[in-house]
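I have placed the structure first, in the form of structure tokens, so that the comments after it can refer back to it.
Per chain, numbering begins at 1; letters A, B, ... match sequence-line order.
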Number of protein chains: 2
Amino acid sequence: MLSTMTTDSATGRDRSASTRERLLDAAVEAFATSGFAGTTTRDIASRAGMSPAAVYVHHATKEDLLFEISRRGHRSAVQIIEKASQSSPDPVEQVRNMVAEFSRWHAVNSRVGRIVQYEFDALTPEHRAEIAEYRRAIEALMRDALEAGVEAGTMTVSDAKGTALALLSLSIDLVRWYHPSGATTPDEIASLHGDLALRMVGAAA
Amino acid sequence: MLSTMTTDSATGRDRSASTRERLLDAAVEAFATSGFAGTTTRDIASRAGMSPAAVYVHHATKEDLLFEISRRGHRSAVQIIEKASQSSPDPVEQVRNMVAEFSRWHAVNSRVGRIVQYEFDALTPEHRAEIAEYRRAIEALMRDALEAGVEAGTMTVSDAKGTALALLSLSIDLVRWYHPSGATTPDEIASLHGDLALRMVGAAA
DNA sequence: GTCTATATGGGGATAGAC
DNA sequence: GTCTATCCCCATATAGAC
């Protein structure tokens, strides 16, 4: 079927549920709810409506499930930041868009976001090394925009590295408390955080 | 001995290591490193130089250890925020101090901070209810300062609730990546975050 | 208050039938 | 590719000696 080829832009996941993908979805729910160490493979299997043994036909280990989720999540996040960094020739607008869209991504994908941000230490050293690359790329893109803005004279930033981390903190920490059923929408968070970012870099209207 | 009465201001913990306190210190290290679910009582016992059974002479369950750590940590954090909120009659200075000192607290106590911020869901419902009160108090103090500043006309804040959460995110998220052995000092983080907070509320110099 | 030993249950992962 | 059954290890917590 052609429909099995469509993929979700935020997660890179097949929308039609092959067994492998259904297990990944179940693992996302389980890891986001109970954490990696607090999740049993029996829990994942039962969320996917399968027996415990079926998990291992599609994924070698529990940690492989985590790595696949973390890798897709990080790749999606890098794409969001890259696109925002290319959205305007103006570094000020780049920073606004990066923070707004990165915040929106964490709100819309808050369950994957929790896993991406909080389960880094649960990966094997080899897997952690690959994920660390994605994180360095994200930090570098933010720092580059700040340095370009300072160079252009449209921002006032005394500590580009520290300010880049602060802007990322603003965009990330919401996964700690955000719930889709709450009153705040991803649009509202994106707009507020984008405005706060402009102020933080000394470029507010 | 008199020295057994001295307590650490940040954690409320006895500095001279009674067995009960040594176990709490060991649990902080273990929970901060491996998470609550990823920590075994054997790990805690061995870090404290004791047998697994000795843990239960001093603490009823593993979750009781987590609750005691979380309660002390939250109470310490509330005190820091309260003191900063009373440090000046000027709401602008209050906000600067609250963000600077709350950020400093998370840097200095980054291991306890991780547990405080990330292991809330591992508490029993009863314990979670008590901890939730401390969190509400912290958010209310920040929101009150923002509303006072808007009232006084010295801040420009369109969304006090969302901005309060953003200021707390800035102060908290650093526990995700901060390491005492890194290049950045708690003083530097406090200073930078305090300055960023002024800009975020539209009160920068 | 500490230990060794253990009760009791659950966890990741595999074997082998269908 | 799914199941049932199970291996083997480890977890929390307790029993009882010292």
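Distances from the side chain of B/Val57 to the nucleotides D/dA15, C/dG1, D/dG1 place C/dG1 closest. For A/Thr40, the listed nucleotide lying nearest its side chain is C/dG11; candidates were C/dC3, D/dA5, C/dG11. The A/Arg42 side chain lies nearest to C/dA13 when the options are C/dG1, C/dA13, C/dT4. If you check D/dC3, C/dA13, D/dT14 against the side chain of A/Thr61, the one that comes closest is C/dA13.
Rounding to whole angstrom units, CG of residue A/Leu23 and P of D/dT2 are separated by 8 Å. One atom, CZ of A/Arg20, and another, P of D/dT2, lie 13 Å apart when rounded to the nearest Å. Distance B/Ile44 CD1 to D/dA11 C1': 12 Å, rounded to the nearest Å. Going from atom NZ of A/Lys62 over to atom C1' of D/dC10 covers 13 Å, rounded to whole Å.
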Show me the donor-acceptor pairs within less than 3.5 Å that the side chains of residues 31-40 of chain A make with the rest of the protein, sequence neighbours left out.
| from | atom 1 | to | atom 2 | distance (Å) |
| --- | --- | --- | --- | --- |
| A/Thr33 | OG1 | A/Glu29 | O | 2.7 |
| A/Thr33 | OG1 | A/Arg111 | NH2 | 3.1 |
| A/Thr39 | OG1 | A/Ala30 | O | 3.1 |
| A/Thr39 | OG1 | A/Gly35 | O | 2.7 |
| A/Thr40 | OG1 | A/Asp43 | N | 2.9 |

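A side chain to side chain contact (heavy atoms under 4.5 Å, CB included) with B/Val201 holds for exactly one of B/Val92, B/Leu167, B/Val99; it is B/Leu167. Just one of B/Val175, B/Val28, B/Asn109 meets the side chain to side chain contact (heavy atoms under 4.5 Å, CB included) condition when paired with B/Arg114; it is B/Val175.
Side-chain N/O atoms of B/Tyr56 include none lying less than 4.0 angstrom from OP1 or OP2 on D/dT14. In this model, the phosphate group of D/dA11 is not approached by any side-chain N or O of B/Thr41 to a distance below 4.0 Å at OP1 or OP2. Distances shown here put every side-chain N or O of B/Ser51 at or beyond 4.0 Å from the OP1 or OP2 atom of C/dA5. Within the structure, a side-chain polar atom (N or O) of B/His58 is placed less than 4.0 Å from OP1 or OP2 of C/dT2.
With no hydrogens or angles considered, a side-chain donor-acceptor pair links B/His127 and B/Glu63 at under 3.5 Å.
Contact annotation for A/Ala54: backbone-only contact, meaning every heavy-atom pair under 4.0 Å involves sugar-phosphate atoms and none involves a base.
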